[in-house]
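Here is the structure we will look at.
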Amino acid sequence: MASVTLSQSPQYQLADPRQDWRGWQVFNSAGTLIGRVADFIIDTEHVRVASIVLDTGDELSVDDLMMRDRSLIVWTHAASLTTEAPSFP
């Protein structure tokens, strides 16, 4: 996949400004803050956001994210299951 960061590629922009998650908090499925969205990775072949970059430098696929109250939650296949819903600030 050919990719670029949104912040370094003025030829790309989000279709809807409300989709700009930069600065949003990102939590794991246990409710622990793991970082904030710093940038987007654009898949230039399919012209879509493929992943986000956290302020920690970690990269997460958008396929593993769920939005909740202006924050993002990472839901991965590796996450352990629980009967209790996580609590988020």
Side-chain angles (χ1 to χ4, degrees):
M1 167 184 86
S3 64
V4 295
T5 59
L6 182 63
S7 64
Q8 298 296 314
S9 305
Q11 69 271 31
Y12 295 102
Q13 59 184 341
L14 297 171
D16 184 340
R18 293 175 294 181
Q19 296 172 324
D20 192 345
W21 303 334
R22 288 176 282 196
W24 284 28
Q25 295 177 323
V26 181
F27 297 89
N28 66 17
S29 59
T32 303
L33 179 66
I34 59 172
R36 291 183 177 270
V37 178
D39 209 345
F40 295 94
I41 302 292
I42 307 298
D43 173 345
T44 58
E45 293 174 26
H46 296 101
V47 191
R48 71 176 198 96
V49 174
S51 57
I52 61 171
V53 178
L54 299 181
D55 55 0
T56 61
D58 293 327
E59 188 176 319
L60 301 169
S61 170
V62 294
D63 296 331
D64 294 332
L65 300 174
M66 182 177 99
M67 261 193 316
R68 182 175 179 183
D69 301 326
R70 292 197 48 87
S71 61
L72 298 171
I73 304 164
V74 180
W75 294 108
T76 64
H77 302 293
S80 59
L81 298 176
T82 179
T83 57
E84 294 182 45
S87 173
F88 297 97

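In this text the structure is predicted, and so the values were computed from the model without any measurement.
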[X] and [Y]: which non-hydrogen atoms are nearest, and at how many Å?
| X | Y | value |
| --- | --- | --- |
| G23 | R36 | O-NH1, 2.7 Å |
| D43 | A50 | CB-CB, 4.0 Å |
| S61 | S51 | CA-CB, 3.9 Å |
| W24 | S71 | CE3-N, 3.7 Å |
| V37 | W21 | CB-O, 3.3 Å |

- Side chains of V74 and L65: does their closest heavy-atom pair fall under 4.5 Å?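 A side-chain contact under 4.5 Å exists here.
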- Query: Are any non-hydrogen side-chain atoms of Q19 and V49 less than 4.5 angstrom apart?
  - Reply: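 Heavy-atom side-chain distance check fails, nothing below 4.5 Å.
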- Message: For the CD atom on Q13, are there more than 12 heavy atoms of other groups (residues, nucleotides or ligands in this structure) within a distance under 6.0 Å?
- Response: no
- Item | Other residues, nucleotides, ligands: >12 heavy atoms within 6.0 Å of M67 CE |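 It does not: M67 CE has 12 such atoms or fewer within range.
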With a cut-off of 3.5 Å and sequence neighbours excluded, list every side-chain donor-acceptor pair involving residues 2-10.
unit_1: S7; atom_1: OG; unit_2: D39; atom_2: OD2; d: 2.4
unit_1: S9; atom_1: OG; unit_2: T5; atom_2: O; d: 2.9

To the nearest 0.5 Å, what is the distance between [atom1] on [X] and [atom2] on [Y]?
| X | Y | atom1 | atom2 | answer |
| --- | --- | --- | --- | --- |
| L14 | I42 | CG | CD1 | 6.5 Å |
| I34 | S29 | CD1 | OG | 9.0 Å |
| L72 | D69 | CG | CG | 11.0 Å |
| Q25 | R70 | CD | CZ | 10.5 Å |

- Only residue of L60, T56, D55, I73 satisfying side chain to side chain contact (heavy atoms under 4.5 Å, CB included) with V26 is L60
